[in-house]
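In what follows, a structure is listed as structure tokens, so that the remarks can point back to it.
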Amino acid sequence: MRLHPTLLLLALPLFLGAQDPALREALATGKALWAQQGDREGAAVRLDQVLAALSPTADKLSQDWLRVLCEAHGWMAILEDRVPARRPLALKHLEQLVELDPGFDIDRTVTNTRLQAAFDGLRNTRLAKVSLTLAPEGGTLEMDGRVVSAAPGFRHLKPGAHALTYHKPGFRSQTQSMELQAKEQKTIALALERVASTLTLAVCPADATLTLDGRAVGQPSSGGAPGESADPSSRDYVVDGITAGEHFLEVSAPCHRTRRLRIPPEMGTPFADHILEAVRLEKAEGRLTLASLAPGGSAFLSGRALGPLPLKELPVCAGRYDLRVDYPAGGFSQRVEVPDGGTLTVEARPKARLALLGLAGAQDFAGKERLLTHFQRLPELLKEVAIVPGVSPSEAPADALARLRMAKGAELLCYLSVTSGRVEVVLTTLTGEESRWAVNPLDPDPLAGLATRLNALPETTIRDAGLRLVDTPSGPLVLEASEGAQAAGIRALALLTAAGGKPVPSVAAFRAALAAAGPTLAVEQEGKTLELPVIPQSLELPLHDEGFAYPLLLADFQLRRLGTTPMEGGILAFHQAQVLMHFRRFDKALEVLRETRMTTTEGVSQGTLAYYEGLCLLRLGQVFLPDARQAFTRASTFPKATLFGPDGPLVAPLARQILDDIKP
Amino acid sequence: MYSGPRRLSVPVLVAHVAWLGGLQAQDHDLAERLFRSGERAFASKSIEEAFETWNQLLKQAPTSPFSAQALLLMARHHVDAQPSGEQAMPLLERLRTEYIGLPVAADALFLRGQILARRARKSVDLREAIAEFNRVVDLFPAHAVVPQAHLALARAHLLQGHQGRALDHSTEVLRWNAGTPEAAQALLLTAEILDLAGDLQGCLRTLQSLRDRFPGRPEAEEAAWRIHLRVRHRLQKPPLASTGPWPAGRQKWLKTPTLLAMGPQGELHLYQEDLDQAFRLEDGALKAVGGPVKDAKALFVDSEGKVGLVSAKVGIVREGRETPVPLGALGNPTGAAQDLWGNLWVSDAKAGSLGLFLADGTSRSLPSPGVSALVALPGGAMVTASDANRTLQILDGNGQPRASWAYGKDLPSGFRSVLALATDPTGHIAALVDGDFEGVVLWSPAGQLLRQATYKQLGISGRFRAIALDRQGGIILADRTNDVLIRLY
């Protein structure tokens, strides 16, 4: 079966939506069919398509599409007028046209005089006529909030209330309201007052932003379109508000060097429109070097993938970024600023990933909403953890725990819990080592303590010059000196008189000089100046310091060990074992201690490890006493190993005391 | 007709559970309100009202955690009023038996341990207290009172002579958190234990560490003079020299000073024979303490700073106590010192034993050859000098010899008798000696000779009959002939 082409054409409107570009084509084809071939039927079918598609939404059409609709009505009026029996329909089209857009005029070159007379008659009886004078010309005219042509002369308007606003850069805008009657003729004159000068300039790149005296300004020039200036990437901006006096115009764009232009006072007065030379911004680039001791890191700069670490001297636009490094375990994020023409070096390290889970359970309590608000703001306050994105606060902690454990998607979970009216914040590792802190939801900042703990990491080393000093009334006395200090000429049981070029009346003054020293410290003893090497010495961790979040420490020390040297790894492993002791996981602590080797034998060192191994074994019960004895016996063979730090008590006598105590 | 076991429908069961839950919540609220009400009354010193409210709480909600808290507060109040704890003990006992699952039980156990330790009159009596402190550590390992329990354990073990265990516990306090007030006390204790154990360097390092970490605390002040004493007497050991009459060059201002003793805060006490009176030196002025005692032969100051005198004719006369304690068979007292348990040791040159006058009012004797001088060491030991045996001896708290050394050991010439003994809080022992070597000798706590000088070497003369060690490293001598005090440095 063959379908008649007319049927196909009739069905066409079903497929054409309002404001479909094909409608413009249908209008043009309809006009051509009538004007060139005299095919009235073919033309009418296409114009009907346009009318059918646009008429239902006529009141919502843009100015362009309204014009298309009006044109279709005008042409339909011409077509209908050719058939005497359909002339009333032609009149209807003209009526609709006048109703739709009082300012629209029919194409008088193809319209006969009778129809023109009918159209003019309709406009004269149904519309008002306004004669508009605008000064100066070239501004923007708005009628009832819509931009309309600002050409001077007569224009037809619908009866009723109207508001005309005329504005132009450099001039004070003017608005006039009017109430029009049908057939009424009115003259309106809008003359704007000059209040400022304007600047017109092209900028490159096109997306540059302009600020005048720190205030965002600038709008694309109404006269200049992209592509008109010599540089296709630039466009014209008109900067308004150049009043009397000196001004500064700043042009800035991402990845470009900002330019600051001085606008001299003579451009402000007398008021005038000035055209400036195009402002081209120079590229602003820096380099980014990303290092990491831990393996497997991939970097992202404000969401853009940079690739695996390390990255050396990577050219990037100067500016601020959110740097993120994803590791197989742990994450790193930091707000960075790449300097223009310089290199930013960042040493990334995997930080514990924290998932914030919200409130466990549906209990209600006073201050719940504000506590949850504070909880959601925690990420802004935390520096030592990487917040895991995409965790829904409504997810039950148990579900999240299971999910994250499966996916190994975080090292730490934090949630709120309510038991017997007591609100607690819980921080836990995926392996269950948890800490709880009571919070008062009505406190001004109920989670301030938590944020402080989550930002606190303990000092793991202390600067040491190999001297053990004691205060005496005559000044600091050298009690003991390391081999290095002795080699430098230090004598035990003699006073120190100066350090770092200043007199040292006390041990505290010596410590201050040590803190400020570089890799060596100059000290004075018995009139001689001696140069001592300053080296970091390990410190123990307090096992129950309220200022720390121990689950965080556990995760952090595990991650810090990745990619470290045996020396650094040894002390980090020792600290990891200490945190496990905090959680009374003596078996796990023992495992870590037994895997750990420290390369030093002085201060907190290999002997200290053996001592702690013994302590863990003692805590594990009587059955491990023989093993504990072995560990303490080993500890007693390190004569220079100490507890707590380089100034702490010697391990060997302590180990011997315990051995005495636990001898069979 | 029997219709089988009744089964509650699910909605009824849910409603029942909800009702029970609501009831528990109401009980909890009531318990908290009663507790808070008592707390307010307690804070405003209306103790009777507070106790009444809390007793009501104990009746209404005996299983509530608030009842446990109320019991603890009542017990603490009783202990403050009566440190021996007769009234507090039953409340603490109840906390221990009925609320052992609650964290507040840790505080109760600790308080109970403190009372038991306070009641102890000899080292073995500390066993119960030690057991209680150990319970705190074992049952509540993460409780905030644990560092205090470790500190108490360290002190108790030290009193029992178990230095190793004492050190273990004092280092546990530091391991817990070296920034707490307990850590300051633990550092001080650790230092003293290390010194007792023969680790002088460790002791000094620890004391300095205390000064570094807690510069504003009283423990740091104490550490300063303890460092200074040890460094001067045991490391630097400069030759003894006289700085002349003391204080401030004062001459002929006394009336036959024959006895000297230092108080617990380092304040000098002396006995003037012509005045039959003991005095305390305060800001350079003498203040009479206690009543007159004729012909006193020993002067001691107890841990509370109260002065005691021992006279053959009168007996033991203590400041603030009217009735003297008769000496019994001790007819020639030569020295007296109070131990850590409050027992008074009295020596007699001619008796074959030391008299031990116990804190409970009884007395006994310890076999010992005639002792010509006696003085207490910090930590509970005693030093005796026996002219008959020509031996200096350190006795432990039970009177058992721990160390002894012969008169004149390591000196250029020997001496025949010890006229007076003195110690300082760091355990240094000083003696006035007579014989071929006539002068002053200073030993370490272990009996090692540290410093010595004859009167001739010092350039002083007189009849020196008493000696004391000050906290600035000086040695003070009392010259009964010239009625002056001479300071050596």
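Within every chain, numbering begins at 1; the chains are lettered A, B, ... in the order of the sequence lines, protein sequences first and strands thereafter. In this text the structure is predicted, and so the values were computed from the model without any measurement.
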Count the heavy-atom pairs under 4.5 Å between each of A:Met581, A:Glu540, A:Glu546, A:Arg584 and chain B, then report the option with the highest count.
A:Arg584

Are B:Gln201 and A:Arg468 packed together at the side-chain level, in the sense that at least one heavy-atom pair is separated by less than 4.5 angstrom?
no

Restricting to non-hydrogen atoms, name the atom on B:Ala197 and the atom on A:Gln657 that form the minimum distance, rounded to 0.1 Å.
CB-NE2, 3.5 Å

Output yes when B:Glu172 and A:Arg619 qualify as a salt bridge under the 4.0 Å nitrogen-oxygen rule, no when they do not.
yes

Using 0.5 Å steps for rounding, measure from the CZ atom of B:Arg213 to the CG atom of A:Asp647.
8.5 Å

If you define the side chain from C-beta out and look only at heavy atoms, does anything of B:Thr171 sit under 4.5 Å from A:Leu654?
yes

A:Leu479 portion near chain B, given a 4.5 angstrom heavy-atom threshold
both

Tell me, out of B:Ile193, B:Leu235, B:Asp212, who's got the most heavy-atom pairs with chain A below 4.5 Å.
B:Asp212

By a 4.5 Å heavy-atom criterion (distance strictly below it), what part of A:Phe510 contacts chain B: side chain, backbone, both, or neither?
neither

Would you say B:Arg211 and A:Val470 make side-chain contact, with heavy atoms under 4.5 Å?
no

Measuring heavy-atom distances to chain A, does B:Gln236 have an atom under 4.5 Å in its side chain, in its backbone, in both, or in neither?
side chain

B:Ile227 versus chain A, heavy atoms under 4.5 Å apart: side chain, backbone, both or neither?
side chain

Using non-hydrogen atoms and a 4.5 Å limit, figure out which bit of B:Arg175 sits close to chain A: side chain, backbone, both or neither.
both

With a 4.5 Å cut-off on heavy-atom pairs, point out which of A:Asp660, A:Leu615, A:Leu659, A:Thr642 contacts chain B the most.
A:Leu615

Using a 6.0 Å cut-off, check whether atom CZ of B:Arg127 has over 12 heavy atoms from anything other than its own residue.
no

Need one label for A:Pro653: side chain, backbone, both or neither, based on atoms under 4.5 Å from any heavy atom in chain B.
side chain

What residue pairs, at least two apart or across chains, pass ring pair (Phe, Tyr, Trp, His ring centres under 6.0 Å) with a residue in residues 632-664 of chain A?
A:Tyr611-A:Phe632

Could you go step by step and tell me if B:Asp168 and A:Ile658 meet the side-chain contact (heavy atoms from CB on, under 4.5 Å) rule?
CA-CA 7 Å; B:Asp168 189 22; A:Ile658 295 181; 4.1 Å; yes

Any side-chain heavy-atom pair from B:Gln208 and A:Leu469 closer than 4.5 angstrom?
no

Using a heavy-atom cutoff of under 4.5 Å, enumerate the residues of residues 431-440 of chain A that contact chain B, numbered in order, or state 'none'.
none

Got a second to check how far B:Thr206's OG1 is from A:Leu643's CG, nearest 0.5 Å?
10.0 Å

Tell me, side chain or backbone of B:Leu194 under 4.5 Å from chain A's heavy atoms, or both, or neither?
side chain

Between CZ of B:Arg230 and OG1 of A:Thr472, what distance do you get to the nearest 0.5 Å?
15.5 Å

